[in-house]
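Report on one structure; see the data block that follows.
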Amino acid sequence: MRSRVVITGAGVVSSLGDSSVSLQSSLCSGRSAIKPVELFSTAGLGCPLGGEIPLFDAQKYLGRRNLRPLDRTSRLVSSAAQLALEDSGWSDVMGSSEEVGLVLGTMFCSLHTISEFDRRAVEAGPAYASPMDFSNTVINAAAGQTAIIHNLRGINSTISTGTTSGLQAIAYATDIIRSGRAKAILAGGADELCFESFYGFDRAGLLCRSDHSAGDFPIPFDKRRNGFALGEGAALLMLEEASFAHKRGARILAEIAGHGCSYDCFNGDDDATAIAAIGLAIQRALNDAFTLPHEIDCLSASANGSCVGDRHEAHGVFAGLNGQTHKLPITAIKSMLGETLGASGPLQVVAMLESMRDGVLPGIQCLQEVDDDFALDLAGPDNKEIDVQAGLINSVGIDGHCCSLVLASCDVN
Amino acid sequence: MKQRRIVVTGIGVVTPIGTGREHFWTNLLNGRSGIGPVQSFDTSAYSVHRGAEIQDFRPENYLSNLDAAHLGRASQFAIAAARSALADANMEIASLDLKRAGVSMGTTSGEPREVERFDDLFINKQLNRVGPEFLKLYPSHVIAAHIARELQFAGVNMMIPTACAAGNYAIAHAFDVLRAGRADLMLAGGSDSFSRITYTGFAQLGAIAPETCQPFDRYRKGMIPGEGAGVLVLEPLTSAVRRGARVYAEIGGYGLSCDAHHMTAAHPNGDGAVRAMTQALEESGTRPEEVSYISAHGTGTATNDRLETLSVKRLFKDAAYRIPMSSIKSMLGHTMGAASAIEAAVCALAVFHDRIPPTINLKEPDPDCDLDYVPNYAREHAVEVAMNNAYAFGGNNASLIIRKCESSN
């Protein structure tokens, strides 16, 4: 029999709070993090809005440790790791012989660091480029820096599959534990808000426009949606092999029951293949979790307000659940957090854990007019009281990646 | 439950010493070097000027569905290697269930030339010339995605950017995906393109050799940045047997670890490297003395080669002196995220042909590097089990076991 994988803690650094509880409370009070960006100038860009972490200071989480070598992304990840280690009760025993791994999903790690390193070399000459900055230009830099800060000597991997990176990282870590290669892995994702990636998304025409009309915020699934807002954050979950977690007396939050993925070779250009790919990932996750469509109690959607992506997801969910979506409660937390790229899937998992605990599913902020042909029960901004035994998490990329994961309440304890 | 056995049935490479399995293997055994003056950008402001670039690469020869003008260089290499690997495996795409055909790739930098173009426009105050293509061409995941789009593979699509060990990570992941029954066929490997960013960084670390790459030589002066791609066709042994495929080798298992010590320097005792090798041996049920060839990370820097030798001796003890260990980076330079994928291909070929490629430019033995590095000339040698070692920035260590595929039971 394969090993079971459970979640024993979470660490979150987000624009809506730095704990699972504060995140859930913000989401359920309908607070939005989407505001004019202050980290850099958005002059001349189509969208001035983003979901920034206000006054982020890693020292608050990491004490007096030397953080000089860490860029913003690495600081976000190291801080989330600290919180996840504390939350799962690992921080006291770190440094002992047990090896904890780290699997980080990130779309860019730090495009800002890479670009700045290069620009300095070009403008001032290669002799002025900093070797320390160079070590942060690799896409596994944040995972490497975090391993050093927290002495994480187990499997260390970085996953990059666009906006699905974080959920894929959790799926990857789940399989590593299932195969018996590790007992405990911090898994999740992160991305920072920076000018360079923001500029890329803006030029690609994917961000919500701001003309001070009703649709100038991301409104997932709404007729008036016109793009998403970029956000930032880091979220890590402590995943452990169930009997191992039980033996050390860990508090068990939920079980990763299964996951599945697929890829749309047409990058969303063809409706039929895009919808089929999303449906296939869901079906694979359900199969892996030995779960039937009607046993899914709620969905945390990937929808972020993008015109095409949300429509594909709405139809893909219908296909993946064999049409059993009529009374399925759905939330889309990117309406309030923005699209946090690598952090997005793990943030959805954290919010789902809270919904399992307190029985409240956050509403979809600003949602008023659902597209006519969405066969989903999209209720709008009001929270829902629910009892979640099995929750489905969706992560759908902007260019073809699909990943789904089933979270189950746990009776291991 | 009996584990599925996973085998290598196709090999595709794009390297500074040749594209395509046969051409590459011949040049490798003949000790050909792909190192020369850097041509892709002006190095006059640098103190070093040599690299291992791929000349005369024609991406259009490998593209049926995508347009080379809309692909970064690393994606072009990756597709060329993937197409070559499928052809080498005699695999008809039409015969595949495309929903169960996947891709797992590694890289160090993704498509760094796209950032360099962005930066040049930024500096020249012409950012308005950046269009939607930047987001489509740059993010590292596009390498695996472009392979899938070219081949219409709709299954697992994974990108693992664990720097210079990424190829091994990607192959290890594909091995797990196939074992877990999540796919029928996986293309797995790594790709990186020569880049100003990478070259600048290694130059500033003082790691680039002025002339050539001399792994394990007493007077070695550093690594030489390179570029390329390597892709393996991996499938379950049962499907290989069913379709009568030529089986190069079997993937025995792997080990991954993290130094958690320093971003760019290895652990002084080779601690993480030893743990990765140990796990790979245990998982594949191999005793240390059964290893018949080690493909070294062997970058040619003073520290890497000394510590790598030390960690092999720590694990293999006396047997270390009997196991040939060569570095093909002496010929290809360091192809970054592609390196361990190309080296995995070399391990599979060494196992298949019972030949071991040399470490060239090895003239003067180093007292700290006293193992058998197969100096300068290829060797005939029965290779039952090969170990492929790769180490990366971030303290990421990956060891892979590739062995002869004993009959199909």
Side-chain angles (χ1 to χ4, degrees), chain A residues 69 101-102 107-108 111 114-115 117-119 121-123 125-127 129-131 134-141 143-145 147-148 151-162 165 168 172 175-176 179 181 196 199-201 203-205 261-265 267 277 280 399-401, chain B residues 45-46 99 107-110 112 115-116 118-120 122-123 127 130-132 134-136 138-141 145 148-149 152-163 169 173 176 179-180 196-197 200-201 203-205 256-264 272 275 279 392-396:
Chain A
L102 172 64
M107 180 161 176
F108 293 107
L111 181 51
I114 298 168
S115 179
F117 172 85
D118 184 44
R119 292 200 304 262
V122 172
E123 287 185 299
S130 146
F134 178 54
S135 64
N136 287 329
T137 65
V138 289
I139 305 163
N140 61 334
Q145 296 281 22
I148 294 169
N151 191 30
L152 305 170
R153 304 187 315 138
I155 282 177
N156 186 290
S157 193
T158 300
I159 304 299
S160 201
T161 54
S165 302
Q168 281 283 12
Y172 174 103
D175 279 359
I176 293 274
S179 69
R181 287 197 177 82
E196 292 78 7
Y199 195 84
F201 279 102
R203 299 300 279 187
C261 67
S262 70
Y263 180 71
D264 167 26
C265 299
N267 286 199
L280 181 61
D399 51 4
H401 288 88
Chain B
Y46 295 71
K99 289 190 176 65
T107 189
T108 293
S109 307
V115 185
E116 291 167 11
F118 179 98
D119 292 337
D120 289 336
F122 186 104
I123 290 163
L127 262 191
V130 173
F134 178 57
L135 196 66
K136 290 187 175 159
Y138 168 66
S140 66
H141 70 266
R149 289 179 59 199
Q152 308 287 297
F153 280 17
V156 172
N157 195 274
M158 186 59 113
M159 199 71 211
I160 309 187
T162 44
Y169 271 79
H173 179 65
D176 278 354
R179 265 201 175 177
R196 176 173 85 197
I197 295 171
T200 303
Q204 280 301 87
L205 286 172
L256 307 178
S257 75
C258 184
D259 283 353
H261 167 71
H262 190 276
M263 277 303 285
T264 57
R275 283 186 291 123
Q279 280 169 26
F393 276 16
N396 286 177

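In the text below, chain A, chain B and the rest are named by the order of the sequence lines, each starting its count at 1.
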Show the nearest heavy-atom pair for residues [X] and [Y], with the distance to one decimal.
{"X": "M263(B)", "Y": "N136(A)", "value": "CE-OD1, 4.4 Å"}
{"X": "I139(A)", "Y": "G110(B)", "value": "CD1-N, 4.2 Å"}
{"X": "C265(A)", "Y": "F153(B)", "value": "SG-O, 3.2 Å"}
{"X": "Y263(A)", "Y": "A145(B)", "value": "OH-CB, 3.2 Å"}
{"X": "I159(A)", "Y": "M158(B)", "value": "CG2-SD, 3.6 Å"}
{"X": "P126(A)", "Y": "A45(B)", "value": "CG-O, 3.4 Å"}

query: Side chains of T162(B) and N140(A): donor-acceptor distance under 3.5 Å anywhere?
result: no
Quick one: which of [options] has the most heavy-atom pairs under 4.5 Å with chain A, could you say?
{"options": "C258(B), S257(B), G395(B), P132(B)", "result": "C258(B)"}
{"options": "A148(B), A260(B), A180(B)", "result": "A260(B)"}
{"options": "R275(B), Q152(B), K136(B)", "result": "R275(B)"}
{"options": "L256(B), D119(B), D259(B), V156(B)", "result": "D119(B)"}
{"options": "V130(B), T108(B), L205(B)", "result": "V130(B)"}

Nearest-0.5 Å distance, [atom1] of residue [X] to [atom2] of residue [Y]:
{"X": "H262(B)", "Y": "Q145(A)", "atom1": "NE2", "atom2": "CD", "result": "9.0 Å"}
{"X": "H261(B)", "Y": "N151(A)", "atom1": "NE2", "atom2": "CG", "result": "11.5 Å"}
{"X": "S160(A)", "Y": "M159(B)", "atom1": "OG", "atom2": "CE", "result": "7.5 Å"}

For residues [X] and [Y], determine if any side-chain heavy atom of one lies less than 4.5 Å from a side-chain heavy atom of the other.
{"X": "L111(A)", "Y": "Y138(B)", "result": "yes"}
{"X": "I160(B)", "Y": "S157(A)", "result": "yes"}
{"X": "V122(A)", "Y": "I123(B)", "result": "yes"}
{"X": "I176(A)", "Y": "D176(B)", "result": "yes"}
{"X": "Q204(B)", "Y": "F134(A)", "result": "no"}

[X], part contacting chain A, at a heavy-atom distance under 4.5 Å:
{"X": "S109(B)", "value": "backbone"}
{"X": "K99(B)", "value": "both"}
{"X": "A203(B)", "value": "neither"}
{"X": "N157(B)", "value": "both"}
{"X": "F393(B)", "value": "both"}

With a 4.5 angstrom heavy-atom cut-off, could you sort out which part of [X] is near chain B: side chain, backbone, both or neither?
{"X": "A143(A)", "value": "neither"}
{"X": "D264(A)", "value": "neither"}
{"X": "A277(A)", "value": "neither"}

field: Chi angles and distances behind the side-chain contact (heavy atoms from CB on, under 4.5 Å) call for F122(B), S115(A)
entry: CA-CA 10 Å; F122(B) 186 104; S115(A) 179; 5.9 Å; no
query: Taking the six-membered ring of F134(B) as reference, does the NZ or CZ atom of R203(A) fall below 6.0 Å from its centre and within a 45° cone about the axis?
result: no
Do [X] side-chain atoms and [Y] backbone N/O form a donor-acceptor pair below 3.5 Å?
{"X": "R179(B)", "Y": "S179(A)", "result": "no"}
{"X": "Y199(A)", "Y": "L127(B)", "result": "yes"}
{"X": "Y169(B)", "Y": "N156(A)", "result": "yes"}

Selection from I114(A), T158(A), D399(A), T161(A) maximising heavy-atom pairs under 4.5 Å formed with chain B: T158(A)
field: Interface residue of largest heavy-atom contact number with chain B, from G101(A), S165(A), G400(A), G162(A), under 4.5 Å
entry: G162(A)
Salt bridge present between R196(B) and D118(A) (N-O < 4.0 angstrom): yes
task: Please work out which of the three classes, parallel, tilted or perpendicular, describes the rings of H401(A) and H141(B), given edges at 30° and 60°.
output: perpendicular
